[in-house]
2 protein chains.
Amino acid sequence: MTSPTPRSPRRTARRSDALSRERIVETAVEVLDAAGEGGLTFRVLTERLATGAGAIYWHVANKDELLAAATEAVVARALPLAPDDPAATDSPATPDGPDADRPWEGVHAVALRLFEAAEAHPWLSAQIAAQLAGRPGGTVGPRIFEALGRHVRAMGVPVEGWFTAASALMHYILGATALNAANTAAAHALDPGVDRPRVLADAANAWQGLDPAAYSFTRTVADQLREHDDREQFRSGLDLVLAGIAAAHPPTATA
Amino acid sequence: MTSPTPRSPRRTARRSDALSRERIVETAVEVLDAAGEGGLTFRVLTERLATGAGAIYWHVANKDELLAAATEAVVARALPLAPDDPAATDSPATPDGPDADRPWEGVHAVALRLFEAAEAHPWLSAQIAAQLAGRPGGTVGPRIFEALGRHVRAMGVPVEGWFTAASALMHYILGATALNAANTAAAHALDPGVDRPRVLADAANAWQGLDPAAYSFTRTVADQLREHDDREQFRSGLDLVLAGIAAAHPPTATA
DNA sequence: ACCTGAACACCGTTCAAGT
DNA sequence: ACCTGAACACCGTTCAAGT
């Protein structure tokens, strides 16, 4: 830091201060975490990396590709994909062995990893959605789908139901994380002082102030909104989807 | 159009060519539909409205507020909220009367309205998510929640389960519409020539080209991806969630 | 009260020029 | 092959000035 070392192109192939696509993407993730998508600009990137704009464009085509790479990096970290053995029913995410007895736990593990990734990286959910929509060749869609699907398979859902079940899970998880994580983070960005309970209290109060004639249902559950726990709620909703999948595919007499 | 009429401030209070917040929001929706969020700029707005930038800022605080207003306008149109009668169980969206026999149909009607709105306005889902996350005082959250919740109530779910059930439905619907609608639209924006079957075929081919060791599940359902119908898939997933809600709250002997 | 339009600070991206 | 940094076109927003 104090004295810039002169370029010595020999030695190991990897130098920590050399510019590389990997280092750019890592820095982009840091900036996104701290300042959101709006805060990620090529100017702050050139400052943090101590280069010119052109240097970044040498490694990355444009901002869209940079956002895609950042998203893929974070999702890949959250959902490492071990080689698959279709015959095995155990989930590597639950260390307590095969989930034959409680086949839903594998889905819960995957979902929670995504939930926590979205909590740590508030920009993630929106980027995943953008990725799935606009990038046919992207790897984040298949990665999430595969991670969920393996457990759907382990649940004993027949093949014809795989796509529907895995899609429904993915849709629920994406919708839930998009709202939940962005929720906390947005409040935080506006005013770092406010915490989650305060945000919920404000929202609940707003619900209670709604027109009774038009919003009787919403007013009734205002207290449930105030007191709910995000993660617990996420799990409960996930269980509803899983219960629906199980109900749609009752176990046959194969066992 | 040909000759600009001179200002005559008398007559009716409403003149079709006068600038107003309503007219600005309407124009914003048109621009968003045609060019997406990136295409909505104050420059194209000033051109379409034949004014200066300052005139727009007189009626609207900033771009965020304009996006919020556009979102609220579209959602309000998709989900008009009649005064609520908590005792009634019929859904105004299904003209064939009360849904006591098939209590899910009300949810389906609401969900389909949102699905279609998201199809017609590809920018909508992302904006709804942003709205729910960042705008505590906004009306779109309560509106969607109330529309869904009334039918949850009609399904016979006990009060303690209302918040969880309505939330799960909202999360699924938002996740599904976000992916589905943006999907078609993004492909359309890139190349207006490609249609939905072509996009699906490309995606399915990409899935089939994945590494067999890591993506066996995803590869297996590639054909289901290719042949699925968006709307039918959306309904099937919704039915899974509804089945889960029903399973979690089996009807008691109250009837 | 409502509108005009020039001006400001900032953004993503390009590109001739360097090493 | 990789990097520099000035330049370009464009963006959201402001504001003194008009009516």
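The shown structure was predicted, so the numbers you read here are calculated from the model rather than taken from an experiment. The sequence lines fix the lettering, A, B, ..., with proteins before strands; numbering per chain opens at 1.
The two atoms that bring B:Ala111 and B:Leu238 nearest to each other are CB-CD2, 3.5 Å, heavy atoms only. For the pair B:Arg196 and B:Asp230, the tightest heavy-atom approach, listed with the atom from each and the gap, is NE-OD2, 2.6 Å. For A:Met170 against A:Phe145, the heavy-atom pair with the smallest separation is SD-CD1, 4.0 Å. Residues A:Ala117 and A:Leu124 approach most closely at CB-CD2, 3.8 Å, considering heavy atoms. Nearest heavy-atom pair, A:Gly38 versus A:Thr41, reported as atom, atom and distance to 0.1 Å: O-CG2, 4.1 Å.
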Side chains of residues 137-144 of chain A: which donor-acceptor partners sit under 3.5 Å, not counting sequence neighbours?
| unit_1 | atom_1 | unit_2 | atom_2 | d |
| --- | --- | --- | --- | --- |
| A:Arg143 | NE | A:Leu79 | O | 2.9 |

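Nucleotide D:dA17 holds its C1' atom 19 Å from the OH atom of B:Tyr57, rounded to whole Å. Distance, B:Glu65 CD to D:dG12 P: 15 Å, rounded to whole Å. One can place NZ of A:Lys63 at 8 Å from P of C:dT13, the figure rounded to the nearest angstrom. Per the geometry, CZ belonging to A:Phe42 stands 20 Å off P belonging to D:dA9, to the nearest Å. Distance, B:Asp64 CG to D:dG12 P: 11 Å, rounded to whole Å.
B:Pro80 is listed as a side-chain neighbour of B:Arg113, based on a closest heavy-atom distance under 4.5 Å.
Between B:His59 and C:dA1 there is no side-chain N or O to OP1 or OP2 distance below 4.0 Å. For the pair B:Trp58 and C:dC3, the criterion of a side-chain N or O lying under 4.0 Å from OP1 or OP2 is not met.
A salt bridge is absent between B:Lys63 and B:Glu37: the closest approach of a Lys/Arg side-chain nitrogen to an acidic carboxylate oxygen does not fall below 4.0 angstrom.
For the P atoms, the distance linking D:dA17 with C:dC2 amounts to 22 Å, nearest Å.
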For DNA chain C, what string of dots and brackets results from 5' to 3' when Watson-Crick and G-U pairs need both distances under 3.5 Å, crossing pairs get [ ], and pairs with another strand get |?
||.|||||...|||||.||
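Across all strands shown, A:Leu40 has heavy atoms under 4.0 Å from sugar-phosphate atoms exclusively, and none from any base. Within 4.0 Å of B:Ile56, counting heavy atoms only, lies no atom of the nucleic acid at all.
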What protein N or O atoms touch nucleotides 5-7 of chain C N or O atoms at under 3.5 angstrom, if any, and at what distances?
| unit_1 | atom_1 | unit_2 | atom_2 | d |
| --- | --- | --- | --- | --- |
| C:dG5 | O6 | B:Gly54 | N | 3.0 |

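Aromatic pair B:Phe234/B:Phe115: centroids less than 6.0 angstrom apart.
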